Amino acid sequence: MRVTMHRSQMRKSWMALALASTLAVSLSLGVGAEDGQADQSLPAMTIGYQSGMITAVHETNFEIDGRAYGFTLDAVIVDEEGNPMEPSSVLLKAAVKFHVKNEQRDKIDRMILVLPK
């Protein structure tokens, strides 16, 4: 029982550390944007993310490559430069990189939205 509890606590600690690291990287995306440093942080931030395209937008959810998703209440949405975005910014045919919350496979907790130019 003790070994199982210890492993569970270790797993939670690693998950918390990974989440904190990802959030720290996402918050730092805007730092150094003038000299191109922000682009260098983007690949590190997107490890574990999926890629796709918005194929439908509905009133309470949207579809990425034909699969329905929604946002978690605390979802973080940024554009490709790291600027915060609102959920209403999700547009049809926008490219996205997104992270799905482990406990809820249809809820996105982090998304990078690449708006058409």
Side-chain angles (χ1 to χ4, degrees):
M1 179 98 173
R2 249 181 198 286
V3 173
T4 305
M5 189 178 306
H6 177 60
R7 286 182 183 165
S8 174
Q9 290 172 340
M10 288 283 290
R11 187 177 304 126
K12 286 180 184 177
S13 296
W14 280 110
M15 289 174 59
L17 178 62
L19 179 59
S21 297
T22 301
L23 289 174
V25 169
S26 68
L27 290 174
S28 69
L29 277 176
V31 176
E34 301 81 27
D35 57 7
Q37 292 176 1
D39 294 316
Q40 295 172 2
S41 299
L42 191 58
M45 180 185 161
T46 60
I47 293 173
Y49 279 46
Q50 300 175 47
S51 296
M53 182 166 290
I54 303 292
T55 53
V57 178
H58 306 287
E59 190 173 320
T60 58
N61 66 355
F62 52 92
E63 295 178 22
I64 299 174
D65 296 330
R67 183 171 177 193
Y69 292 95
F71 287 116
T72 61
L73 294 176
D74 59 346
V76 175
I77 308 161
V78 297
D79 66 11
E80 65 270 13
E81 296 173 0
N83 300 313
M85 305 289 290
E86 293 295 323
S88 60
S89 301
V90 174
L91 300 173
L92 192 60
K93 298 194 179 191
V96 294
K97 290 191 180 286
F98 61 100
H99 182 267
V100 178
K101 189 164 182 138
N102 286 339
E103 300 86 30
Q104 300 170 313
R105 295 284 179 202
D106 63 340
K107 298 290 183 188
I108 293 174
D109 59 355
R110 295 180 300 248
M111 176 186 277
I112 299 171
L113 186 61
V114 181
L115 299 173
K117 296 187 179 182

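Because the structure is predicted, anything quoted here is derived from the model rather than measured.
The OH atom of Tyr69 lies 10.0 Å from the CZ atom of Arg105; values are rounded to the nearest 0.5 Å. One finds the OG1 atom of Thr55 at 6.0 Å from the CG atom of Asp65 (value rounded to the nearest 0.5 Å). Separating the CG atom in Asp109 from the CZ atom in Phe98 is a distance of 11.0 Å, to the nearest 0.5 Å. Of the inter-residue distances, the one linking Lys101 atom NZ with Arg110 atom CZ reads 9.5 Å to the nearest 0.5 angstrom. In this structure, CG on Asp79 lies 13.0 Å from CE on Met111, to the nearest 0.5 angstrom.
Screening Leu113, Val57, Leu115 for a side chain to side chain contact (heavy atoms under 4.5 Å, CB included) involving Leu91 leaves a single residue, Leu115.
No donor-acceptor distance shorter than 3.5 angstrom exists from the side chain of Thr72 to the backbone of Lys107, with no hydrogens or angles considered.
Between Ile108 and Ile64 there is a side-chain heavy-atom pair separated by less than 4.5 Å. In this structure the side chain of His58 reaches within 4.5 angstrom of the side chain of Glu63, judged on heavy atoms.
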Task: Full working for side-chain contact (heavy atoms from CB on, under 4.5 Å) between Ile77 and Ser89 - done: CA-CA 9 Å; Ile77 308 161; Ser89 301; 5.9 Å; no
message = Go through it in stages, so that I can follow the logic: the residues are Met53 and Val96, the test is side-chain contact (heavy atoms from CB on, under 4.5 Å), and I'd like the CA-CA distance, side-chain angles, deciding distance and then a yes or no.
response = CA-CA 6 Å; Met53 182 166 290; Val96 294; over 6 Å; no
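Of all the heavy atoms in His99 and Gly48, the pair that sits closest is CD2-O, 3.8 Å.
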